Amino acid sequence: MIQLIHKKAHTVVRVLKDEIQIKINSTECTSAIWELAEKFPEEIIAWCEEKYSADLNIEQWSQIFHQDLIMASYAIENAFLPDSIGYIDQLPFVNVNRKVLYATWQMSSDVGGIKGETLLKFKSLFEGNNNFDFLLNSIAKIGQQNGLFCYSAPGLLSQTSDKKLKSTATSSQLFSFVYSYYNTIWLSVLFWCSLKYENEFPLKAYLQAFSEKKCFLQKVDLSAIKIQSNKKIETSNSIDVIIPTMGRPKYLMQVIEDLSLQSLLPKKVIVVEQNPDVNSISELGELQSKTWPFEIKHHFINQTGACNARNIALKEVDSEWIFFADDDIRFEPDLLERVVTEMNGLGVSSININCKQKGEKTIFKKIKQWGSFGSGTSIVKNIFAKQCAFSSIYEHGYGEDADFGMQLRNVGCDIIYHPKIEILHLKAPMGGFREKPILAWEQEQPLPKPSPTLMAFALKYYTPQQIKGFKTSLFLKYYNKQGIKNPIIYIREMKKRWGKSEEWAGKLMKEESR
């Protein structure tokens with residue numbers, strides 16, 4: 001590991017290799033990091049603010065940088081971007097949990113690192129950048145969408161911090177960053193939110209941003225870097241499968257048949273069958289009458305709802321991995337073996353499998369950190385999944401998978417999307433594990449907007465700035481989808497509907513906490 005010790009993210013203080021000081025030509029951080037990457041492509045190029053250098057937790061670095069496509073940092077005092085980035089970005093990578101290893105493109109110059117060979121892949125795009133924090137965040141922002149795994153890693157230092165971070169970015173740098181790495185429309189949203197919520201009028205920063213280089217969706221080829229984690233491979237590749245189902249016996253049995261043909265067989269398959277009719281009997285007689293190459297746990301209940309069903313199944317799990325499966329999917333005989341092999345190779349604890357309907361094309365073609373979670377197409381390590389539960393807030397609605405994904409992230413489990421491992425989603429036309437009742441708020445006037453379940457998700461996981469940005473973008477996007485064209489009347493009505501949504505979300509969250 002090469003240590004670049006700096007002062008205030010600008011001046012190089014010293015450079016160490018194996019605790020021995022070495023000489024370099026560069027005196028500023030931005031040029032020094034490229035010079036070191038050129039000289040030491042096989043080393044981790046680490047950076048650290050001088051006052052934290054004695055606290056480097058060196059023995060943990062090999063565990064954090066366990067494969068070559070990892071960039072990690074940790075903010076003790078300094079973040080680059082202010083909380084106002086939340087006005088235009090509501091993805092999970094913005095509101096960072098600094099107590100655990102957490103996926104984020106937001107990098108800090110306090111301490112961090114990346115392998116030299118990997119860093120060099122970004123040199124042609126960013127070599128002219130002369131602000132160290134701007135550079136680090138630019139690399140991570142573009143890198144993450146191209147397959148770089150980016151983290152806030154508290155293990156980099158022996159000390160951690162929970163105090164509020166100080167942003168070092170100027171207003172001009174914030175607007176320039178947003179213009180460069182987001183769709184251009186978000187620059188105007190940021191300007192409006194700065195005016196409305198911050199009482200600022202950053203016109204100069206807004207206009208200057210248009211002169212910056214546009215890097216939105218820029219492609220960087222990282223395919224030449226072989227990914228092989230040096231983490232200890234799990235001694236057990238045992239898998240339990242959980243499947244909620246309702247009224248789809250034919251489709252469910254196809255899933256069970258596909259599981260029985262796996263080259264890596266599940267240890268246990270847990271089926272939670274639901275039927276609201278208290279006089280009903282199971283439609284899955286074949287499940288018990290046939291002999292399967294794994295244990296079958298079959299629950300037949302009269303309470304409907306995917307959240308409850310999955311929570312029942314989670315209590316039965318005891319294998320190393322959990323396959324969260326839908327009841328209307330099909331897959332090849334090597335699916336489970338391939339997923340476990342990939343997870344061990346990548347050194348990750350959760351993979352979202354590429355789930356497509358017939359005829360659909362893959363949109364995202366690179367392995368990458370994922371901003372969502374698929375509760376019917378994912379495999380997750382038991383030690384993380386068992387710390388989470390599907391929230392009753394979303395029962396019979398939508399959002400339980402996104403909520404479960406956030407719970408996973410907040411216990412330190414990264415979620416990775418894998419485009420080359422596929423599942424076919426049949427989208428069965430009847431039955432399924434969802435029953436659509438008439439929800440209480442659907443009978444009110446005005447109707448809540450957004451859905452109270454979506455509002456509850458925002459209240460649980462968004463920063464105040466993300467909530468305000470969500471509100472602004474919702475009002476803008478929904479305007480052309482409704483009949484009120486007078487903007488003053490429209491805003492007045494939307495405020496009422498937003499208030500109704502907040503009211504119902506509060507009730508849902510209160511009921512959940514009982």
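Note that the structure is predicted; figures quoted are calculated from it, not measured. Positions are given from 1, in the same order as the sequence printed here. Both backbone and side-chain heavy atoms feed into the values below; hydrogens, waters and symmetry mates do not.
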- prompt: Knowing that exactly one of Arg248, His299, His298 qualifies, which makes a side chain to side chain donor-acceptor pair (under 3.5 Å) with Glu273?
  reply: His298
message: Would you say CD of Glu35 has more than 12 non-hydrogen atoms from neighbouring residues, nucleotides or ligands within 6.0 angstrom?
response: yes
- prompt: What about Tyr181 and Phe216, are their ring centers closer than 6.0 Å?
  reply: no
Tyr52 side chain to Glu77 side chain, donor-acceptor N/O pair below 3.5 angstrom: yes
Side-chain donor-acceptor contact under 3.5 Å, Asp55 with Gln159: yes
task: Verify salt bridge (Lys or Arg N to Asp or Glu O under 4.0 Å) between Lys356 and Glu422, making sure each step is shown before the conclusion.
output: CA-CA 7 Å; Lys356 300 190 297 185; Glu422 298 184 356; 3.2 Å; yes
Residue pair Ser350 / Phe373, side-chain heavy-atom distance below 4.5 Å: yes
field: Evaluation steps, ring pair (Phe, Tyr, Trp, His ring centres under 6.0 Å), between Tyr102 and Phe93
entry: CA-CA 8 Å; Tyr102 191 94; Phe93 311 121; 7.9 Å; no
query: Considering only heavy atoms from C-beta outward, does the side chain of Ile322 approach that of Ile379 to under 4.5 Å?
result: no
message: salt bridge (Lys or Arg N to Asp or Glu O under 4.0 Å) for Lys297 and Asp240? Distances and angles first, verdict last.
response: CA-CA 10 Å; Lys297 287 277 189 178; Asp240 287 347; over 6 Å; no
task: Begin with the C-alpha distance, continue with both residues' side-chain angles, and end with the deciding distance and a verdict on salt bridge (Lys or Arg N to Asp or Glu O under 4.0 Å) for Asp221 and Lys121.
output: CA-CA 7 Å; Asp221 187 4; Lys121 297 294 183 181; over 6 Å; no
message: Holding to salt bridge (charged side-chain N to carboxylate O under 4.0 Å, His left out), I want the full list of residues that pass it with Asp403, two or more places apart in sequence or in another chain.
response: Lys460
query: Does the side chain of Lys141 pick up a donor-acceptor pair with the side chain of Ser180 at under 3.5 Å?
result: no
task: Would you sort out whether Arg338 and Glu342 count as a salt bridge (Lys or Arg N to Asp or Glu O under 4.0 Å), showing the intermediate values?
output: CA-CA 6 Å; Arg338 287 183 65 199; Glu342 284 293 296; over 6 Å; no
task: Step through it carefully: locate the ring centre of Phe364, locate the ring centre of Trp370, and say whether they are under 6.0 Å apart.
output: yes
message: So that I know where these two stand, are Phe457 and Tyr461 an aromatic pair - ring centroids less than 6.0 Å apart?
response: yes
- prompt: Among side-chain atoms of Asp83 and Thr463, is any donor-acceptor pair under 3.5 angstrom?
  reply: no
task: Indicate yes or no: at least one non-hydrogen side-chain atom of Leu459 is less than 4.5 angstrom from one of Met509.
output: yes
task: Answer with yes or no whether the side chains of Glu512 and Ser392 bring together a donor and an acceptor at under 3.5 Å.
output: no
query: How would you list, by chain and number, every residue that makes a salt bridge (charged side-chain N to carboxylate O under 4.0 Å, His left out) with Asp89, sequence neighbours excluded?
result: none
- request: If a pair satisfies side chain to side chain donor-acceptor pair (under 3.5 Å) and one of its residues is in residues 142-155, list it, with sequence neighbours excluded.
  value: Gln144-Gln369, Asn146-Lys366, Tyr151-Asp414
- prompt: In terms of side-chain heavy atoms, does Asn354 have a donor or acceptor partner in His418 at a distance below 3.5 Å?
  reply: no
- prompt: Are side-chain heavy atoms of Ile243 and Ile256 found at a separation under 4.5 Å?
  reply: yes
field: Of all pairs that satisfy ring-ring contact (aromatic ring centres under 6.0 Å, His included), the ones with a partner from residues 56-79, not counting sequence neighbours
entry: Trp61-Phe65
query: Are the ring centres of Phe134 and Phe80 closer than 6.0 Å?
result: yes
query: For Glu286, which residues count as a side chain to side chain donor-acceptor pair (under 3.5 Å) partner, sequence neighbours excluded?
result: none
message: Can you list everything that forms a side-chain contact (heavy atoms from CB on, under 4.5 Å) with Ala37? Sequence neighbours excluded, please.
response: Leu119, Leu120
- request: Would you mind reporting whether Ile64 and Leu156 have side-chain heavy atoms less than 4.5 Å apart?
  value: yes
field: Closest non-hydrogen atom pair between Leu259 and Leu265, with its separation
entry: O-CD2, 3.5 Å
